[in-house]
Amino acid sequence: MLRVRFAPSPTGYLHVGGARTALFNWLLAQRQQGVFVLRIEDTDLERSSDEMVEGILDGLRWLGLDWHEGPAAGGPHAPYFQAQHLERHRAMAADLVRRGRAYACYCTPEEITAKRTAAEVAGGGWKYDRTCRRLSAEQIAAFNAEGRPHAVRFLVPDGTTRFDDLVHGPIEFDHANLDDFVILRSDGQPTYHLSVVSDDIEMQITHVIRGDDHISNTPKQILLYEAMDAPIPRFAHVPLILGPDKKRLSKRHGATSVMEYARQGYLPEAMVNFLSLLGWSPGSGDRELFTRDELAGVFDVSGINGGNAVFNQEKLDWFNQQHMMRLPIAELATRVKPWFEQAGLWRDDYSTSRREWFFAVLELLRPRAKRLDEFVPLGRFFFDDTLDFDERAVAKHLYPAGIGEVLQALLVALDHLPSYDPATLEVCVRGTADAHGLKASAFIHAVRVAVTGRTVSPGLFDVLSLLGRDRVRARLDVWARSAG
RNA sequence: GUCCCCAUCGUCCAGAGGCCUAGGACGUGGCCCUUUCAAGGCCAAAACCCGGGUUCGAAUCCCGGUGGGGACGCCA
């Protein structure tokens, strides 16, 4: 049974890079009918917070990436908070010492820092010089007697570690480039390497899918698995998401938290689709639009690319529009509702007696909107009778001589119309223009400005039809009197 | 500095030695549709980083260079 995990540290919100890593884990679990575990790596007490944990959970929920085991879901390894398994981590460190694979280090952080900076000044890299590996039994006894604190370091053996990365293929590290890393801090807190490996062993994780930035951590962790005689999982290192400047995506590139995209009016469906195709491809075939479940049906780690990918918001916009076009209209209505409420334009009858009307308006608006937040500004004149007139448009389209007269004629003609459907309205408007020797297009522009306040809108006849007799009459009436 | 990863249109991908006159998508430009704006349709410009090999044949394999990215913490 395949078991994967997403293990964020709650030191920030769920950003797009983490979201994609989570997505790949989720997709693989779905595809292989495995288990997706969510584990919060909160061992950095200083920077972790409950608020961030919630933020991450919210992000995952928004994307629809549900976890089988983890916070709120529970599971056989609960609690799924790393900091609550300190004792097991410490026990592993002790075990490693007992096995002769780790040793106490009495060097102080200050001493280490001094050596490291000295080496850097001298212009080279530095690795721990194993001072404490050479301590005599007497020295150790003396240090312990004086109560001197110690960290625990893993003893890196000579040799090389190689692993077959699922996205990069074989990768090899010479241990000469690894130093005896700390697994237990002098205050008794386990470090990242110890905690992850301990937890991944405990939770029987079979596939570790994580960011490329962890690739150089992998040999250290494999060494830990080996020292514990534990089965080593498969690794898949996913390339990073870059900003337009090819630098690692960060705050200065704008939105980086997935919930920020939610607030901006993006659909989770679009975000999932977009993210899935950033660095992954289903192979040959031109298809790009997928639902989350369709992706789960075809996803495979072998399709993950080795190179980093640049985040392209314009493509996200396109995915968003495509997914909005494909949403059942009732669903679109519920998605868009919060924006109407926020603008103070929501009315309850939009979901009851005027439901069909509301749907029809959305249908008109959606090919014109890239994001959910655009429905309000795009269709404001449908929901608010106080029009925001574009003065230049008024001057240009409503003041040419004679327009007022034609508008008056239209008003009368419209009142006698048996039906208010677009086709009938079109015949009426064009006929009125013709009868007065006015170009239909000029008249259409004039009517549009009179009725919407703007020069751009969905097709005028659809607009008139949906606005309805009373509102059209009221809006036209004003200009029939005052126009040119 | 050391180690690691990567390298096809501006961007995201396809391409797993001859199917490549290098394909698709976003974006860009043009045309069509059209009352405006979108959507939609059609067309166009746009790339195999460089140099060596291997091979009858290389975008595809190997080596080197260059470029980009990442990692080198008692952070995760």
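A, B, ... follow the sequence lines: proteins, then strands. Residue 1 opens every chain.
For the OP1/OP2 pair of C6(B) and a distance below 4.0 Å, the side-chain nitrogens and oxygens of His168(A) include at least one atom meeting the criterion. For Arg116(A), a side-chain nitrogen or oxygen approaches OP1 or OP2 of C74(B) to under 4.0 Å. Contact between the side-chain N/O atoms of Arg185(A) and the OP1/OP2 oxygens of A76(B) is found at a separation under 4.0 Å. Checking the phosphate oxygens (OP1, OP2) of C12(B), no side-chain nitrogen or oxygen of Gln313(A) falls inside 4.0 Å. In this structure, Arg454(A) does not reach the C37(B) phosphate: none of its side-chain N or O atoms is under 4.0 Å from OP1 or OP2. Between Arg248(A) and A71(B) there is a side-chain polar atom (N or O) within less than 4.0 angstrom of OP1 or OP2. Asn217(A) has no side-chain polar atom (N or O) that falls below the 4.0 Å cut-off from OP1 or OP2 of G70(B).
One interatomic measurement links the two molecules: CZ of Arg448(A) to C1' of U35(B), which rounds to 5 Å at whole-angstrom precision. Counting to the nearest Å, the P atom of U36(B) and the CZ atom of Phe381(A) are 16 Å from each other. For the pair Arg47(A) CZ and C74(B) C1', the computed distance is 14 Å after rounding to whole Å. Between the CD atom of Glu46(A) and the C1' atom of C74(B) there is a distance of 13 Å, rounded to whole Å. Spacing between atom CZ of Phe235(A) and atom P of C5(B) amounts to 16 Å, rounded to whole angstrom units. Between the CG atom of Leu178(A) and the C1' atom of G73(B) there is a distance of 14 Å, rounded to whole Å. For the pair His237(A) NE2 and A76(B) C1', the computed distance is 13 Å after rounding to whole Å. Taking atom CZ of Phe375(A) as the reference point, atom P of A39(B) lies 13 Å away to the nearest angstrom.
For the C1' atom pair drawn from U35(B) and G29(B), the interatomic distance equals 25 Å after rounding to whole Å. G17(B) and C61(B) are spaced 8 Å apart, taking the C1' atom of each and rounding to whole Å. For the P atoms, the distance linking G57(B) with C43(B) amounts to 37 Å, nearest Å. When the C1' atom is compared between A59(B) and G23(B), the two are found 13 Å apart, to the nearest whole Å. Spacing of C1' atoms, A22(B) relative to C32(B), comes out at 29 Å, to the nearest Å. Remark: the separation of the P atoms in C19(B) and U34(B) is 44 Å, to the nearest Å. On the P atoms, C26(B) is 22 Å away from C33(B), given to the nearest whole Å.
Nucleic acid contact class of Thr11(A) (heavy atoms, under 4.0 Å, all strands): none. Among the protein residues, Glu288(A) comes within range of the nucleic acid bases, having at least one heavy atom under 4.0 Å from a base atom. Using a 4.0 Å heavy-atom criterion, one finds that Glu172(A) contacts the sugar-phosphate atoms exclusively. Heavy atoms of Pro458(A) sit under 4.0 angstrom from at least one base atom. Using a 4.0 Å heavy-atom distance criterion, Leu277(A) is classed as a sugar-phosphate-only contact. In this structure, Gly211(A) reaches neither bases nor backbone, as no heavy-atom distance under 4.0 Å exists between it and the strands shown. Among the protein residues, Ala309(A) comes within range of the sugar-phosphate backbone only, with heavy atoms under 4.0 Å from sugar or phosphate atoms but none that close to a base.
Contacts with RNA chain B (heavy atom under 4.0 Å) in residues 239-247 of chain A: Leu240(A), Lys246(A), Lys247(A), listed by number.
Closest to the side chain of Arg153(A), from the set C26(B), U35(B), C74(B), is C74(B). When the nucleotides G10(B), C74(B), C13(B) are ranked by their closest atom to the side chain of Val182(A), C74(B) comes out on top. Distances from the side chain of Thr191(A) to the nucleotides A76(B), U35(B), U11(B) place A76(B) closest. Nearest to the side chain of Val310(A), among A14(B), U11(B), C5(B), sits U11(B). Each of C13(B), U35(B), C12(B) was ranked by its minimum atom distance to the side chain of Ser281(A); first place goes to C13(B). In this structure, the nucleotide among C74(B), C26(B), A76(B) sitting nearest to the side chain of Ser186(A) is C74(B). Closest to the Trp318(A) side chain, of the nucleotides C26(B), C13(B), C75(B), is C26(B). For Phe461(A), taking side-chain heavy atoms from C-beta onward, the closest of the listed nucleotides A76(B), U35(B), C26(B) is U35(B). Nearest to the side-chain atoms of Pro367(A) among the listed nucleotides A76(B), C5(B), A39(B) stands A39(B).
With respect to the salt-bridge test (charged N to carboxylate O, under 4.0 angstrom), the residues Arg88(A) and Glu202(A) qualify. The existence of a salt bridge linking Lys396(A) and Glu391(A) is excluded, since no basic side-chain nitrogen approaches an acidic carboxylate oxygen closer than 4.0 Å.
In this structure, Arg210(A) forms no cation-pi arrangement with Phe235(A), as its terminal cationic atom is not both closer than 6.0 Å to the ring centre and no more than 45° off the ring axis. Both cation-pi conditions hold for Arg148(A) and Phe143(A): the charged atom is under 6.0 angstrom from the six-membered ring centre and inside a 45 degree cone around its axis.
Across every strand in view, A47(B) sits unpaired, with no contact that passes the Watson-Crick or G-U test at under 3.5 angstrom. Pairing for A16(B) is absent, with no Watson-Crick or G-U wobble pair whose two atom distances lie under 3.5 Å. Across the strands present, A25(B) finds its partner in U11(B); the criterion is a Watson-Crick or G-U wobble pair with both atom distances under 3.5 angstrom. Under the Watson-Crick or G-U wobble criterion, with both distances below 3.5 Å, G40(B) is paired with C32(B). Pair check for G1(B) finds C72(B); Watson-Crick or G-U wobble, both atom distances under 3.5 Å.
For Arg20(A) and Trp126(A), each mapped to the nucleotide of RNA chain B holding its nearest heavy atom, the one lying further toward the 5' end belongs to Arg20(A). With the nearest nucleotide of RNA chain B identified for both His445(A) and Leu316(A), Leu316(A) has the one nearer the 5' end.
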Decide yes or no on salt bridge (charged side-chain N to carboxylate O under 4.0 Å, His left out) for Glu314(A) and Lys370(A), but give the supporting numbers first. CA-CA 10 Å; Glu314(A) 284 168 330; Lys370(A) 290 199 294 282; over 6 Å; no

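His237(A) and Asp213(A) are not linked by any side-chain donor-acceptor pair at a separation below 3.5 angstrom, with hydrogens and angles left out of the test. A donor and an acceptor atom, one from each side chain of Asp199(A) and Gln82(A), are located under 3.5 Å apart. The closest side-chain donor-acceptor pair between Asp462(A) and Ser465(A), if any, does not fall under 3.5 angstrom.
Ring geometry for Phe311(A) against Tyr261(A) counts as tilted: the plane angle lies between 30° and 60°, on a 0 to 90° scale.
Within the 4.5 Å cutoff, the side chain of Thr43(A) has no heavy atoms near those of the Tyr192(A) side chain.
Scanning all heavy atoms of the two residues, the minimum distance from Ala395(A) to Pro400(A) falls at O-CD, 4.3 Å.
For Glu46(A), there are no side chain to side chain donor-acceptor pair (under 3.5 Å) partners at least two apart in sequence or on another chain.
Taking 3.5 Å as the limit, the base of C4(B) and the side chain of Ser216(A) contain no donor-acceptor pair of atoms between them.
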